[in-house]
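Have a look at the structure below, then the notes.
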Amino acid sequence: MKMSLSSSLFARRATGAVLACAAVACAASATAADSYPSRSIRIIVPFAAGGGSDVTARLIGKKLQEAYGQAVVIENQPGASTQIATRNVIRSAPDGYTLLLATTSIVNNAHLYPKLDYDAMKELVPVVGIVDVPPFLAVGPGIKATNVKDFITEIKAKAATEKGVTFGSAGPGSTLHLASEWLIKQLGIKAVHSPYKGSGPASVALAQGDVDFSFDNIPPLRPMVDAGKVRLLMVGARNRFPSTPALPTLKESGLPDEELSSWFILMAPAQTPPAVVASINSEVNKILKKPDVRSTLIDLGLAPMDTSVDDLKKRMRNDFDMWGGIIKDAKVTLE
C-alpha cells in the first residue's frame, strides 16, 4: 500500500519529534552531570550509628566530599528492617542528592515480607557497589572439627542423635541466618535455629557452647577467635578473604561454588539521570582503590568492590533469585 504525501510528512515529523525529545533528554542528563553536585548530598543509612554500614558510609562520604567539594551528610534512619529508610529514598527527588546505603535486605525483603508496599528493585536504581560482607563458618567448644571435611562428618553424626544440631544467627531472616539454612540444605540434615538480637549476642552464645555453629562476620567473631573460644573453618564466598588467607572458600571446601556474602551498595531513586549515576559510580570506584580506604575496609571484615552499574544490576538479580530460593526452601517469613 502506498503512503500518501501527507502521511509520509506526518511520519517524518513524528520521527523527528521523537529524536528531538531523545536529544533533549540526553542533553538534560549531560547538563545535570556537568553541574553535579552543586549542593550537599545525603546518604541515608538504614541502621543506627556505629555499625558496619554506618562506618562504611561515613568513610566513603568523607572521601566523596573531598572529591566533589560539596558536603556529604550521613543520616541514620533505622527501623523496620531497613524499610523506613528505603521508602524515604524512593520518595525523594531523582536528582542524585539523596542516596541510600543499601544492604542485601533490598533483595531479601521482597521475599520475607509478603505485604511489602514498594518494589525496591523497580523504584530504586543501583549506583555503585561498595563492599561485600563475607560470612564465616564458625564453631564453638561443642564441635571438635578443625576443618570443613571433619565438620561435615561430625555435624551429620550429631544430627542423627536425639540431641540434634543447633545453629545461631544475628536474627531471623538475616543473610547470616540464611547462609546457615543454605548449608543445612547442602548437608541434608535438620537443625534448630536459635536467633539472637545481633551478632554480638550470637557470637557469645557460640563461644559458650549454646549452639553448635553459626555464620557471622569478622568483627564480632574476632575477640572470641583471639581468646580461643571460637574457630573459623571457611569463608562463605567465592574468594578467600585478605585478612584470613588460610581459610578456604565454599568450593575449596567441597561445597557448591556460591557467593553467600551480603553487600553494601549505593542506590538512588529511579529516574535519576544516568550521567549523575555514572559520575557517582566513577568517583566511588576511585575511592575504593585508595590503599588507606582498602586497608580500613578489610580491617572491618569488608571486601571492597569494583563494579559498573551493569555489573551491579546483574549481581542484584542473581542475589534476588538465590536468596529468594533459600528463603522459600527454609519457609522463612517475617511480619
Side-chain angles (χ1 to χ4, degrees), residues 45-57 76-87 100-116 120 131-140 165-185 190-224 230 232 235-237 259-265 300-302 319-320 322-335:
V45 178
F47 299 98
S53 58
D54 177 70
V55 173
T56 300
N76 299 90
Q77 295 183 6
S81 297
T82 75
Q83 294 176 41
I84 293 173
T86 302
R87 283 193 193 92
L100 177 68
L101 192 289
T103 70
T104 319
S105 296
I106 283 289
V107 297
N108 289 355
N109 280 354
H111 302 288
L112 292 168
Y113 296 92
K115 298 179 181 179
L116 201 63
V131 292
D132 277 312
V133 190
F136 292 80
L137 176 63
V139 295
V165 172
T166 58
F167 69 95
S169 81
S174 65
T175 52
L176 299 170
H177 165 210
L178 300 175
S180 290
E181 295 285 4
W182 178 88
L183 180 61
I184 289 165
K185 181 181 179 182
K190 292 184 179 180
V192 176
H193 177 213
S194 295
Y196 294 88
K197 293 182 178 180
S199 288
S203 298
V204 171
L206 181 65
Q208 293 175 167
D210 296 336
V211 294
D212 295 313
F213 75 92
S214 69
F215 273 101
D216 217 319
N217 307 129
I218 281 288
L221 290 172
R222 187 176 285 132
M224 309 299 174
V230 166
L232 302 182
V235 58
E259 180 62 72
L260 300 179
S261 295
S262 56
W263 32 254
F264 300 157
I265 67 175
L300 292 169
L302 309 172
D319 282 5
F320 182 89
M322 181 194 73
W323 292 115
I326 295 170
I327 289 166
K328 182 179 179 180
D329 288 344
K331 297 180 173 60
V332 181
T333 57
L334 301 175
E335 296 297 332

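Along the sequence shown, residues carry numbers from 1.
- Between atom CD of residue E259 and atom CG of residue D319 there is a gap of 8.0 Å, rounded to the nearest 0.5 Å.
- Annotation: the span from L300 atom CG to R222 atom CZ amounts to 8.0 Å, rounded to 0.5 Å.
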*Please report the C-alpha distance between I218 and L232 in whole Å, then the side-chain angles of each, then the deciding distance to 0.1 Å, and finally whether the side chain to side chain contact (heavy atoms under 4.5 Å, CB included) criterion is met.*
CA-CA 10 Å; I218 281 288; L232 302 182; 4.0 Å; yes
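- Here T86 pairs with nothing under the side-chain hydrogen bond (donor to acceptor under 3.5 Å, both in side chains) rule; sequence neighbours left out.
- Atom OG in S214 sits 11.0 Å away from atom CG in L183 (nearest 0.5 Å).
- Interatomic distance, CZ of F136 versus CG of L221, reported as 8.5 Å (0.5 Å rounding).
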Can you list, pair by pair, the side-chain donor-acceptor contacts under 3.5 Å of residues 201-211, counting residues two or more places apart and other chains?
unit_1: S203; atom_1: OG; unit_2: S199; atom_2: O; d: 2.9
unit_1: Q208; atom_1: NE2; unit_2: D210; atom_2: OD2; d: 2.9

*Given side-chain hydrogen bond (donor to acceptor under 3.5 Å, both in side chains), test S180 with H193 step by step and report yes or no.*
CA-CA 9 Å; S180 290; H193 177 213; over 6 Å; no
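- For the pair F320/I106, no side-chain contact is recorded, criterion being any heavy-atom separation below 4.5 Å from C-beta on.
- Closest heavy-atom contact between F215 and P135: CD2-CB, 3.8 Å.
- Between A85 and P46 the shortest heavy-atom distance is CB-CB, 3.6 Å.
- Inter-residue side-chain proximity for Y113 and N108 is flagged as unmet; no heavy-atom pair is nearer than 4.5 Å.
- Screening V107, V131, L302 for a side-chain contact (heavy atoms from CB on, under 4.5 Å) with W263, the sole residue that qualifies is V107.
- Across every non-hydrogen atom of V230 and A138, the tightest pair is CG1-CB, 3.7 Å.
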*Are F47 and D54 close enough, and set up right, to give a side chain to side chain contact (heavy atoms under 4.5 Å, CB included), and what steps lead you there?*
CA-CA 7 Å; F47 299 98; D54 177 70; over 6 Å; no
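- Side-chain contact check for D329 versus I326: every heavy-atom pair is 4.5 Å or farther apart.
- Contact between S105 and S81 at its shortest, heavy atoms only, is CB-O, 4.4 Å.
- The distance from atom NZ of K185 to atom CD of E181, rounded to the nearest 0.5 Å, is 11.0 Å.
- Here the straight-line distance linking atom OG1 of T333 with atom CD1 of I327 works out to 10.0 Å at 0.5 Å rounding.
- What you find for L176 and A170 is that their closest heavy atoms are CD1-CB, 3.9 Å.
- By the 4.5 Å heavy-atom criterion applied to side chains, L334 and P172 are counted as neighbours.
- Residues T103 and T175 have side chains not in contact (no heavy-atom distance under 4.5 Å, counting atoms from C-beta outward).
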*For V165 and F213, what are the C-alpha separation, side-chain angles and deciding distance, and is it a side chain to side chain contact (heavy atoms under 4.5 Å, CB included)?*
CA-CA 9 Å; V165 172; F213 75 92; 3.8 Å; yes
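- When all heavy atoms of F167 and H177 are compared, the pair lying nearest together is CE1-CD2, 3.8 Å.
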